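Notes follow once the structure below has been shown.
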Amino acid sequence: MTNQANPSAGSSAVGLRGVAAATSSISDVNGEKGELIYQGYNIHDLAKHATFEEVVFLLWNKRLPNRTELSELEQSLRASYGLPAELIALLKQFPREADPIDVLRTAISALEFYDPQSRDISREQSLKTAIRLTAQFPVIVAAADRLRRGLNPVEPSTTLSIAGNFLYMLRGEVPSERDVRIFDVCLILHADHELNASTFTARVVAGTLADMYAAVTAAIGALSGPLHGGANTAVMKTLLEIGSVENVEPYVKRALAEKRKMMGFGHAVYKTEDPRATHLRKFSKEMGDAAGDSKWYEMSRKVEEVMLSEKGLYPNVDFYSASTYYMMGIPLDLYTPIFAVSRISGWTGHILEQYGDNKLIRPRAEYIGPRDLPFVPIDQR
Ligand SMILES: CC(C)(COP(=O)(O)OP(=O)(O)OC[C@H]1O[C@@H](n2cnc3c(N)ncnc32)[C@H](O)[C@@H]1OP(=O)(O)O)[C@@H](O)C(=O)NCCC(=O)NCCS
């Protein structure tokens with residue numbers, strides 16, 4: 001740890017801000033410069049030139065794949081798309097009104113029952129588990145959405161990439177190249193982000209040498225909160241509530257006056273523009289232009305302008321992903337599961353790294369309670 005526990009109130013122990021709680025070579029965030037790198041590669045280059053599958057290889061193997069390696073990984077992922085029949089039967093039992101992120105968390109916990117090797121955390125076996133999880137996250141999310149709509153899940157297509165297959169299973173028709181490309185880059189942008197809350201959770205659980213399913217299930221729980229992966233859905237709800245560009249300024253000013261947080265703004269590390277938002281802003285515009293409906297993009301721009309002038313806060317990854325997904329016709333409550341569909345690559349990368357050089361993660365708490373109290377018998381209290 002770089003910071004020692006400090007007994008004074010408001011110390012870095014609160015929220016662990018600025019504390020390095022692990023060493024990792026997977027990704028790094030420079031909050032001052034607004035820079036994000038995966039294994040040494042700038043996120044802007046990866047967004048421009050790589051595919052999500054290439055990034056998955058990078059996060060797991062700490063280097064970019066050659067053509068043969070990429071093709072092997074793609075084949076292994078596609079060969080793992082199919083869900084065990086027992087899991088589909090289980091998904092059918094869940095209440096239709098269940099939140100999809102809770103469905104995903106429960107399904108991943110149950111998926112472990114159908115993997116006889118789940119307890120084997122050797123690197124060789126863990127890579128197989130990582131492939132299975134990364135391949136099946138999107139299949140579970142799409143199947144859960146179809147089932148709650150009273151539709152049969154669409155069989156995954158082994159000719160499609162993770163991005164293409166997800167949109168295909170969700171919609172029941174082959175998506176356009178544009179939608180697949182934009183969605184693929186969205187997956188790249190959300191794939192990893194250093195020691196964010198869910199990744200830290202995954203590492204803490206893996207650090208006990210619990211298996212990958214346990215670590216990932218816990219990570220989904222951490223992601224689901226509105227201060228983390230739940231923010232993207234909240235952003236779209238806010239935009240729908242605001243309703244028009246003219247309403248933006250009074251709405252935001254009132255929210256700030258009432259000390260309410262505007263979801264999709266601010267960041268624990270970035271003090272300038274989140275580099276992922278730069279791409280997502282463009283996608284939000286592109287999707288709006290293509291649909292001939294730029295209202296959500298225009299409103300988002302206005303919210304951004306007011307937030308910057310009123311609070312000096314910049315949009316984070318969740319802000320423009322909301323309107324991008326909305327224009328893709330994706331239901332609001334799938335935005336957080338989609339975050340997980342991408343972040344599973346980073347979680348598994350970090351779990352592999354943790355297993356590879358494990359030390360139980362066991363910090364101390366800065367005790368601020370009383371000491372030496374005399375014990376009072378219960379009927380005298
Ligand atoms: C992400 C987040 C938790 C980071 O928090 P943090 O660095 O600990 O910052 P704090 O929550 O302590 O906020 C610091 C100040 O900025 C304000 N602030 C931070 N984010 C804000 C937001 N989204 N809207 C309004 N005000 C915000 C706080 O109210 C506080 O103001 P104050 O000093 O006047 O009280 C926070 O910005 C947030 O809650 N954002 C909204 C949720 C979100 O989009 N999450 C996704 C993150 S990728």
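As the structure is a prediction and not an experimental result, all values here were calculated from the model. Just so you know, ligand 1 is whichever comes first in the structure, and atom 1 is the first atom listed for that ligand. We count residues from 1, following the sequence as given.
Close approach of ligand 1 to Asn316 is summarised as follows: ligand atoms under 4.0 Å from at least one heavy atom of the residue are 43 (C), 44 (O), 46 (C), 47 (C), 48 (S). Heavy-atom contacts of Leu256 reach the following atoms of ligand 1: 25 (C) (cutoff under 4.0 Å). With ligand atoms numbered from 1 in the order given, ligand 1 contributes 41 (C), 42 (C), 44 (O) to contacts under 4.0 Å with heavy atoms of Met263. Taking a cut-off of under 4.0 Å to the non-hydrogen atoms of Gly264, the atoms of ligand 1 that pass are 43 (C), 44 (O). For ligand 1 and His228, the ligand atoms under 4.0 Å from any heavy atom of the residue are 46 (C). With ligand atoms numbered from 1 in the order given, ligand 1 contributes 1 (C), 37 (O) to contacts under 4.0 Å with heavy atoms of Gly266.
Residue-to-ligand polar distances place Lys261 within reach of ligand 1: an N/O pair is separated by less than 3.5 Å. Polar contact check, Arg17 against ligand 1: a nitrogen or oxygen pair lies under 3.5 Å apart.
Taken to the nearest 0.5 Å, the CZ atom of Arg203 stands 12.5 Å off from the OG atom of Ser198.
The nearest non-hydrogen atom to atom 43 (C) of ligand 1, considering only Ala277, Ala231, Gly225, Gly229, comes from Ala231.
By the 4.0 Å N-to-carboxylate-O rule, Glu173 lies too far from Arg171 to be salt-bridged with it. The pair Glu305-Lys302 counts as a salt bridge, with a side-chain nitrogen and a carboxylate oxygen less than 4.0 angstrom apart.
Of the protein's heavy atoms, at least one falls inside 4.0 Å of atom 25 (C) of ligand 1. The protein reaches atom 45 (N) of ligand 1 closely, with a heavy atom under 4.0 angstrom from it.
Contacts of Leu227 with ligand 1, taken as heavy-atom pairs under 4.0 Å, involve both backbone and side chain. When heavy-atom distances to ligand 1 are checked against a 4.0 Å cut-off, Val235 has no atom that comes that close, whether in backbone or side chain. If you look at Leu313 next to ligand 1, the close heavy atoms, those under 4.0 Å, all belong to the side chain.
Remark: Asp274 pairs with Arg276 by the salt bridge (charged side-chain N to carboxylate O under 4.0 Å, His left out) rule, at least two apart or across chains. Phe319 is linked by a ring pair (Phe, Tyr, Trp, His ring centres under 6.0 Å) to Phe265, counting only residues two or more places apart in sequence or in another chain.
Among all protein heavy atoms, the one lying closest to atom 41 (C) of ligand 1 is Phe265 O, 3.5 Å.
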